[in-house]
Amino acid sequence: HVSNPDRFHLNGTTEVTGGALVIVGEAGTIFLSTDRGDTWEKVESPYTGSFFGVTGTGDVNEILAFGLRGHVFMSTDLGRNWTTVPNDSPNTLNNGAVAKDGRITLVGNGGTVLVSSNNAESFRTYFRSDRQGVMSVLPVSDEELVLFGEGGVKHTDINGKNP
């Protein structure tokens, strides 16, 4: 049971390397479970805006939470401490994210695609020329992505060009 007396929308969930489960939602809501969901604790949030997605980075106990107006935050200690991760997007980032082999990709409204090749220390931002919202992403190789969203299914490379 997750205690959510304010009935905030819970928008994203993930399992991070090391086994912890994380839920994020409205008003900066973050919940954490280290016992496979038997119990949940509310984590102090670095942000009062809404989170729409959460992912691990691939490293043990690292959490990346993201959402409204392009805000991205990272914790390396299961949410005890958070740092802001800079990027150039003012657009909402959606629940679609993928972390694989040190590369992390986040997607969002307005055709936003953020790519990090340095374990989320920073992101390179590009905006698809069609500016249609992207909801989810899958890597198909080290250099190519498949994006899902308002424009249907789009094949692109990590630099925003169609292969």
Side-chain angles (χ1 to χ4, degrees), residues 11-25 28-32 34 43 45-47 49-163:
N11 299 318
T13 186
T14 197
E15 179 179 2
V16 299
T17 303
L21 303 175
V22 184
I23 298 171
V24 297
T29 300
I30 304 172
F31 292 104
L32 177 76
T34 56
V43 173
S45 180
Y47 181 55
S50 291
F51 288 119
F52 294 105
V54 62
T55 190
T57 66
D59 287 347
V60 174
N61 296 335
E62 287 191 353
I63 303 167
L64 201 62
F66 46 91
L68 195 63
R69 297 187 191 111
H71 286 94
V72 180
F73 299 90
M74 183 160 128
S75 173
T76 59
D77 57 5
L78 288 181
R80 305 297 181 258
N81 297 286
W82 294 91
T83 57
T84 300
V85 181
N87 73 79
D88 295 326
S89 177
N91 297 329
T92 292
L93 299 170
N94 297 313
N95 195 16
V98 66
K100 183 179 179 189
D101 299 329
R103 176 172 288 130
I104 299 167
T105 306
L106 308 178
V107 295
N109 293 349
T112 303
V113 179
L114 304 180
V115 178
S116 174
S117 56
N118 59 9
N119 202 38
E121 289 180 28
S122 64
F123 282 90
R124 185 170 32 85
T125 305
Y126 75 83
F127 302 96
R128 293 195 41 84
S129 60
D130 61 18
R131 302 297 274 192
Q132 293 178 318
V134 183
M135 298 303 294
S136 190
V137 58
L138 287 175
V140 292
S141 73
D142 287 345
E143 299 294 319
E144 297 178 35
L145 305 169
V146 176
L147 305 175
F148 305 86
E150 288 179 329
V153 179
K154 304 283 184 171
H155 192 223
T156 187
D157 70 12
I158 62 169
N159 298 306
K161 308 223 183 318
N162 294 330

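Sequence positions, counted from 1, serve as the residue numbers for this chain.
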Pairs under 3.5 angstrom only: tabulate donor-acceptor contacts from the side chains of residues 102-112 to other protein residues two or more places apart or in another chain.
{"residue": "R103", "atom": "NH1", "partner": "D142", "partner atom": "O", "Å": "2.3"}
{"residue": "N109", "atom": "OD1", "partner": "N94", "partner atom": "ND2", "Å": "3.0"}
{"residue": "T112", "atom": "OG1", "partner": "N91", "partner atom": "ND2", "Å": "2.9"}
{"residue": "T112", "atom": "OG1", "partner": "N109", "partner atom": "O", "Å": "2.7"}

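- In this structure the side chain of L78 reaches within 4.5 angstrom of the side chain of V16, judged on heavy atoms.
- The shortest heavy-atom contact between I63 and L32 is CD1-CD1, 4.5 Å.
- Summarising the geometry of F127 relative to D88, their closest heavy-atom pair is CZ-O, 3.8 Å, with the distance given to 0.1 Å.
- Not one N or O on the side chain of N87 forms a donor-acceptor pair closer than 3.5 Å with the backbone of T125.
- Closest non-hydrogen pair, G56 versus A99, comes out as O-CB, 3.3 Å.
- The backbone N or O of E143 sits nowhere less than 3.5 Å from a side-chain atom of D157 that would complete a donor-acceptor pair.
- Closest heavy-atom contact between S89 and L114: CB-CD2, 4.2 Å.
- Sorted by first then second residue, the ring-ring contact (aromatic ring centres under 6.0 Å, His included) pairs that include residues 52-71, not counting sequence neighbours, are Y47-H71.
- In this structure, S116 contributes its side chain and S122 its backbone to a donor-acceptor pair below 3.5 Å.
- Under a 3.5 Å cut-off, the side chain of S75 and the backbone N or O of N81 do form a donor-acceptor pair.
- Within the structure, every pair that satisfies the salt bridge (Lys or Arg N to Asp or Glu O under 4.0 Å) test and touches residues 66-84, not counting sequence neighbours, is listed here: E41-R80.
- Between L145 and P139 the shortest heavy-atom distance is CD2-CA, 4.0 Å.
- Here the side chain of T13 pairs a donor or acceptor atom with the backbone of V22 at under 3.5 angstrom.
- Between the side chain of N118 and the backbone N or O of E121, at least one donor-acceptor pair lies under 3.5 Å.
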